[in-house]
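Working notes, structure below.
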Amino acid sequence: MLPSCGASVRHMVTCLLDFILHHNLLVGTFNTTGKKYASHDSIWLLNEIQELEITLSMAHPSTSPLELSFVNGNLYQQTIEAMGIMSIPALLRAEAGMLEFVESTDAAQKQAYLAKMQGTRRPILPINTIAERKLFNRLMRECDDFHSSTISIKLSAVKIWNRYAETEEDIYYKLEEHLTLHFKGNWRDVANSIQSVCQALASINPLQKRLCNPGRSQEIINIPAATMSVHSVTQGFQSLQLSERN
């Protein structure tokens, strides 16, 4: 089973290759034969033995080569397809302004294994670091090649980004689809939210200024301050006459 998280790129590639090997060993064969298995599971060794026996049968027709339960891939033209991390073609690398990976100078960086497999000086990754998000926002404000993009990020903007990736920390190579994905996704969502907030503030700010205007206190009638004392009456009394009872 492939790990779901917390694994390095190298570990994921190794698991994928192990899965492919296990699949190639079992595909096209029965799970159980009812007989004791008296061989091994080395595809490369079995292929080589069959090739030697085919060569031997040409000189001695009575000798038949080994029959395999799988197809000997060495007898066919090798495919150019690859599983796992894809190497970037030289033409695409040049169009995007990327440099080629050099083992002696580029092996000590972060994600060096990924860069080596891709064949580029810096690894190619989607926008995922804080430094990359800040750089994208700054280029959208200041760079004509970025803020003039409407549907997708231009190739000229990709070259500018990869120039920054050569010198700045936590900035990695990008292809056109990586920048376009961020442009249409996270960046546009945040930009729309900021625009909505700005429109709301345009309506709220005038009211807020009126409510918080310090000049409103000038309209308040000031009452003279006096020391509080217990209420007492010292004059103005009326005499009370009680009628006599008969």
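Note that these values count all heavy atoms, side chains included, but never hydrogens, waters or copies made by symmetry. What you are looking at is a predicted structure, and each value in this text was computed from that prediction instead of being measured.
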Checklist entry - Are Glu132 and Lys174 ion-paired here, with the side-chain N under 4.0 Å from a carboxylate O? => result yes
Checklist entry - Looking at Ile171 and Arg122, what are the two nearest heavy atoms and their distance? => result O-NH2, 2.7 Å
Checklist entry - Counting heavy atoms not belonging to Arg138, are there more than 12 under 6.0 Å from its CZ? => result yes
Item to check | Parallel, tilted or perpendicular: ring planes of Phe146 versus Phe136, cut at 30 and 60 degrees | outcome: perpendicular
Item to check | Joint cluster assignment, Met12 & Met86, ILVMFWY side-chain distance < 4.5 Å | outcome: no
Next on the checklist: Count I, L, V, M, F, W, Y as connected when their side-chain heavy atoms are under 4.5 Å apart, and connections chain through other members. Are Ile153 and Leu181 then in the same cluster?
Outcome noted: no
Checklist entry - Which is it for Tyr113 and Ile85 under the side chain to side chain contact (heavy atoms under 4.5 Å, CB included) test, yes or no, and what are the steps along the way? => result CA-CA 10 Å; Tyr113 175 77; Ile85 302 173; 4.3 Å; yes
Checklist entry - Got a second to check how far Glu51's CD is from Leu46's CG, nearest 0.5 Å? => result 11.5 Å
Checklist entry - Closest approach of Pro123 and Ala115, non-hydrogen atoms and distance? => result N-CB, 3.7 Å
Checklist entry - Is any NZ, NE, NH1 or NH2 atom of the basic residue among Glu103 and Lys116 found under 4.0 Å from an Asp or Glu carboxylate oxygen of the other? => result yes
Next on the checklist: Measuring from atom OG of Ser8 to atom CD of Gln111, what distance do you get when rounded to the nearest 0.5 angstrom?
Outcome noted: 8.5 Å
Item to check | Separation between CG of Asn47 and CG of Asn72, rounded to the nearest 0.5 Å | outcome: 3.5 Å
Item to check | His60 (side chain) donor-acceptor with Ser57 (main chain) under 3.5 angstrom | outcome: no
Checklist entry - Between Glu100 and Arg121, is there a side-chain N and carboxylate O pair less than 4.0 Å apart? => result no
Item to check | Under 3.5 Å donor-acceptor, Gln118 side chain and Ile124 backbone | outcome: yes
Checklist entry - Does the side chain of Thr120 come within less than 4.5 Å of Phe101's, by heavy atoms? => result no
Item to check | Pair Tyr173-Asn162, side chain to side chain contact (heavy atoms under 4.5 Å, CB included): steps then yes or no | outcome: CA-CA 5 Å; Tyr173 277 160; Asn162 291 333; 3.5 Å; yes
Checklist entry - Roughly how far apart are Leu92 CG and Glu176 CD, rounded to 0.5 Å? => result 9.5 Å
Checklist entry - Within a reach of under 6.0 Å around CD of Gln109, are more than 12 heavy atoms found that belong to other residues, nucleotides or ligands? => result yes
Checklist entry - Can you name the nearest heavy-atom pair linking Ile88 to Arg93, along with the distance? => result O-NH1, 3.5 Å
Item to check | Enclosure of Leu75 CG (heavy-atom neighbours >12, cutoff 6.0 Å) | outcome: yes
Checklist outcome for this item: Distance col, row Leu155:CG vs Ile160:CD1, nearest 0.5 angstrom, shows 10.5 Å
Checklist entry - Where is the tightest heavy-atom contact between Arg10 and Thr14, given as atom of each residue plus distance? => result O-OG1, 2.8 Å
Next on the checklist: Between Lys110 and Asp170, does any NZ, NE, NH1 or NH2 come within less than 4.0 Å of an OD or OE carboxylate oxygen?
Outcome noted: yes
Item to check | Side-chain touch Lys154/Val158, heavy atoms, less than 4.5 angstrom | outcome: no
Next on the checklist: Within this structure, what is the CE-CD1 distance for the pair Met58 and Ile54, rounded to the nearest 0.5 Å?
Outcome noted: 7.0 Å
Checklist entry - Can Lys184 and Ser152 be counted as having a side-chain donor-acceptor contact under 3.5 angstrom? => result no
Item to check | Closest heavy-atom pair and its distance - Tyr172, Trp161 | outcome: O-NE1, 2.9 Å
Checklist entry - Do we see a donor-acceptor contact under 3.5 Å between the side chains of Asp145 and Ser156? => result yes
Item to check | Residues that Glu53 engages under side chain to side chain donor-acceptor pair (under 3.5 Å), provided they are two or more places apart | outcome: none
Checklist entry - Do Leu135 and Ile127 pass the side chain to side chain contact (heavy atoms under 4.5 Å, CB included) test, and can you show the C-alpha distance, the side-chain angles, and the key distance before you say yes or no? => result CA-CA 10 Å; Leu135 176 61; Ile127 292 181; over 6 Å; no
Item to check | Leu201 backbone acceptor or donor facing Asn205 side chain under 3.5 Å | outcome: yes
Checklist outcome for this item: Scanning both residues in full, the closest heavy-atom pair of Ala112 with Asp106 reads CB-O, 3.9 Å
